[in-house]
**Student:** 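First the structure, which I've put down as structure tokens, then a few questions once you've had a look.
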Amino acid sequence: MAATMSNVDEIRNRVILGEFGIKNVHTTDYPGNYPGYDDTWTLQKFQKTFRIDVVQMDETLMEFDMVGIDAAIANAFRRILLAEVPTMAVEKVFIYNNTSIIQDEILAHRLGLIPIKADPRLFEYRNAGDEEGTEIDTIQLQLKIKCTRNPRATKESADPHELYHNHMVYSKEMKWVPIGNQADVFADAKIGPVHGDILLAQLRPGQELDIVMHCVKGIGQDHAKFSPVATASYRLLPEITLLETVEGEKAERLKRCFSPGVIELENHGGKVVAKVVNSRLDTCSREVLRHDDLKHAVKLARVRDHFIFSVESTGILPPDVLVTEAIKVLMTKCRRFLNELDSTEME
């Protein structure tokens, strides 16, 4: 039986959330799949439908809508943000003295995971086998601290903050040691840990740390410490449609089935009526489908080509810069692929 035009539009453009499953999850918008639909990809059509809308942005978090692309491209973009945008991180740890109770390997691992405030675009990748490093590919940090007793502490005191000096070792103790001409080149950069309040170790009188660290450029694909984002995720735009008028006590229950701000109650001629205000806020829990008298009054769907991205930076680079860098990486991949196609001899 041939599908009607409205059904085809729904299959192509909406993911339907049902009580016992999710429909239309597969991609069907390719040429020749439906009579009467020209799904041939063209640059003009893409330029007309594709857009990016920035919804919210601050120093560490950015939320934006990416509309008019396939899920495969959106997911490639997400994975590039996680694993292929480079950053600087501690790679080699030279421990000259560690008399704390934390083992050398554990301490080195903790140091490696601390985000380093340094623009990776100003550095080169270190060559394989290069042990020393140079000013163009290495940042050197030093951690040198010793715990001592506080001679002014009272005998009755039991608080370590009063009894000892330097008993809590924080990331702010990691000091940048310029190599070569770095002091002049990065004079205004303030290279060091992004956050100074990350606890590294606890010491007691007589215990000390004397460590030198080398930070190098890398990508999250090699190790998670190089990942520039705390999280990068996307979700499809929810679409909630009321199929009938819901009023009174049913409207109250309907409102409670969704996230706050999705459904609001309005007064129409003395009757309380439910209205969809902002479906974007919904988490698509499908709670409404538990209610037999409500589940047929609502249609739950998601817009197939409308992706809500959330990018949270670790603080090394602003999220808008990370998004720009991810786009550059994706463009480089596309160019490499096209070059390979051109250079491969057709058999």
Side-chain angles (χ1 to χ4, degrees), residues 52 54-64 66 69 71-93 105-128 130 133 136-141 143 170-172 174 176 186 189-200 213-235 307-334 336:
I52 293 179
V54 178
V55 177
Q56 173 192 349
M57 186 172 70
D58 55 32
E59 293 180 355
T60 58
L61 183 64
M62 180 180 181
E63 183 180 309
F64 63 93
M66 191 178 283
I69 57 169
I73 305 298
N75 195 46
F77 186 68
R78 178 190 68 86
R79 292 183 64 168
I80 289 171
L81 277 168
L82 288 170
E84 296 189 59
V85 175
T87 64
M88 305 293 288
V90 174
E91 176 72 8
K92 289 187 177 293
V93 180
E105 296 82 1
I106 304 299
L107 183 57
H109 183 257
R110 291 176 70 85
L111 292 169
L113 292 174
I114 292 173
I116 304 300
K117 186 76 171 178
D119 193 335
R121 296 169 294 181
L122 305 177
F123 293 88
E124 303 291 335
Y125 287 100
R126 185 189 278 196
N127 295 325
D130 187 357
I136 64 170
D137 59 27
T138 303
I139 296 172
Q140 183 170 292
L141 300 173
L143 174 61
Y170 292 101
S171 54
K172 64 184 177 184
M174 298 166 62
W176 175 43
F186 305 112
K190 296 181 181 179
I191 293 175
V194 173
H195 306 287
D197 57 352
I198 302 173
L199 182 63
L200 301 177
M213 293 151 276
H214 284 181
C215 304
V216 302
K217 187 174 180 177
I219 57 176
Q221 196 170 332
D222 296 329
H223 195 287
K225 67 186 177 185
F226 291 112
S227 183
V229 294
T231 181
S233 62
Y234 64 78
R235 62 191 178 99
F307 298 90
I308 302 172
F309 267 88
S310 177
V311 178
E312 184 181 344
S313 169
T314 56
I316 297 172
L317 290 171
D320 56 325
V321 175
L322 293 180
V323 170
T324 305
E325 290 300 306
I327 293 172
K328 290 179 181 178
V329 172
L330 188 58
M331 291 168 63
T332 304
K333 285 176 174 288
C334 294
R336 189 184 309 137

**Student:** Could you walk me through whether Leu143 and Leu200 pass the side-chain contact (heavy atoms from CB on, under 4.5 Å) test, one step at a time?
**Tutor:** CA-CA 11 Å; Leu143 174 61; Leu200 301 177; 4.0 Å; yes

**Student:** What's the spacing between Thr60 OG1 and Asp58 CG if we round to 0.5 Å?
**Tutor:** 4.5 Å

**Student:** Salt bridge (charged side-chain N to carboxylate O under 4.0 Å, His left out), that's the test. Do Glu91 and Arg126 meet it? Break it down for me.
**Tutor:** CA-CA 11 Å; Glu91 176 72 8; Arg126 185 189 278 196; over 6 Å; no

**Student:** Looking at every heavy atom in both Val194 and Lys117, which two are closest together, and how far apart are they?
**Tutor:** CG2-N, 3.8 Å

**Student:** Where do Met88 and Pro120 come nearest, in terms of heavy atoms and distance?
**Tutor:** CG-CA, 4.1 Å

**Student:** Looking at NZ of Lys217 and OG1 of Thr87, how far apart are the two atoms once the value is rounded to the nearest 0.5 Å?
**Tutor:** 9.5 Å

**Student:** May I ask you to decide if the ring planes of Trp176 and Phe186 are parallel, tilted or perpendicular, using 30° and 60° as cut-offs?
**Tutor:** perpendicular

**Student:** If we only count heavy atoms from C-beta on, is the Val329 to Thr332 side-chain gap below 4.5 Å?
**Tutor:** no

**Student:** Output, in order, the C-alpha distance, side-chain angles, deciding distance and verdict of side-chain contact (heavy atoms from CB on, under 4.5 Å) for Val55 and Ile308.
**Tutor:** CA-CA 9 Å; Val55 177; Ile308 302 172; over 6 Å; no

**Student:** So, taking the atom named CE in Met66 and the one named CD1 in Ile52, what distance separates them when rounded to the nearest 0.5 Å?
**Tutor:** 4.0 Å

**Student:** Kindly state whether the ring of Phe77 and the ring of Tyr234 have centres lying under 6.0 angstrom apart.
**Tutor:** no

**Student:** Would a 4.5 Å heavy-atom cut-off, applied to side chains only, mark Ile327 and Met331 as touching?
**Tutor:** yes

**Student:** Counting C-beta onward and ignoring hydrogens, is there a side-chain heavy-atom pair between Leu61 and Gln56 closer than 4.5 Å?
**Tutor:** yes

**Student:** If you compare all heavy atoms of Ala232 against all heavy atoms of Arg78, which two are closest, and at what distance to 0.1 Å?
**Tutor:** O-CG, 3.3 Å

**Student:** Mind telling me whether Phe309 and Phe307 have parallel, tilted or perpendicular rings, with 30° and 60° as the class edges?
**Tutor:** tilted

**Student:** Thr138 vs Lys92, test: side-chain contact (heavy atoms from CB on, under 4.5 Å). Steps then yes/no.
**Tutor:** CA-CA 10 Å; Thr138 303; Lys92 289 187 177 293; over 6 Å; no

**Student:** What distance do Leu82 atom CG and Ser233 atom OG have between them, rounded to the nearest 0.5 Å?
**Tutor:** 9.0 Å

**Student:** Which is it for Ile136 and Phe123 under the side-chain contact (heavy atoms from CB on, under 4.5 Å) test, yes or no, and what are the steps along the way?
**Tutor:** CA-CA 5 Å; Ile136 64 170; Phe123 293 88; over 6 Å; no

**Student:** Is there a side-chain contact between Phe226 and Ile316 (heavy atoms, below 4.5 Å)?
**Tutor:** no

**Student:** Considering non-hydrogen atoms only, spot the tightest contact between Ala89 and Ile116 and give its length.
**Tutor:** CA-CG1, 4.3 Å

**Student:** What is the minimum heavy-atom distance between Val85 and Glu325, and which atoms define it?
**Tutor:** CG1-CB, 4.0 Å

**Student:** Any idea which heavy atoms bring Pro193 and Ser171 closest together, and the distance?
**Tutor:** CG-O, 3.2 Å

**Student:** How long is the straight-line distance from CZ of Arg79 back to CD of Glu84, given to the nearest 0.5 Å?
**Tutor:** 8.5 Å

**Student:** Rounded to the nearest 0.5 Å, how far apart are CD of Glu63 and CE of Met57?
**Tutor:** 12.5 Å

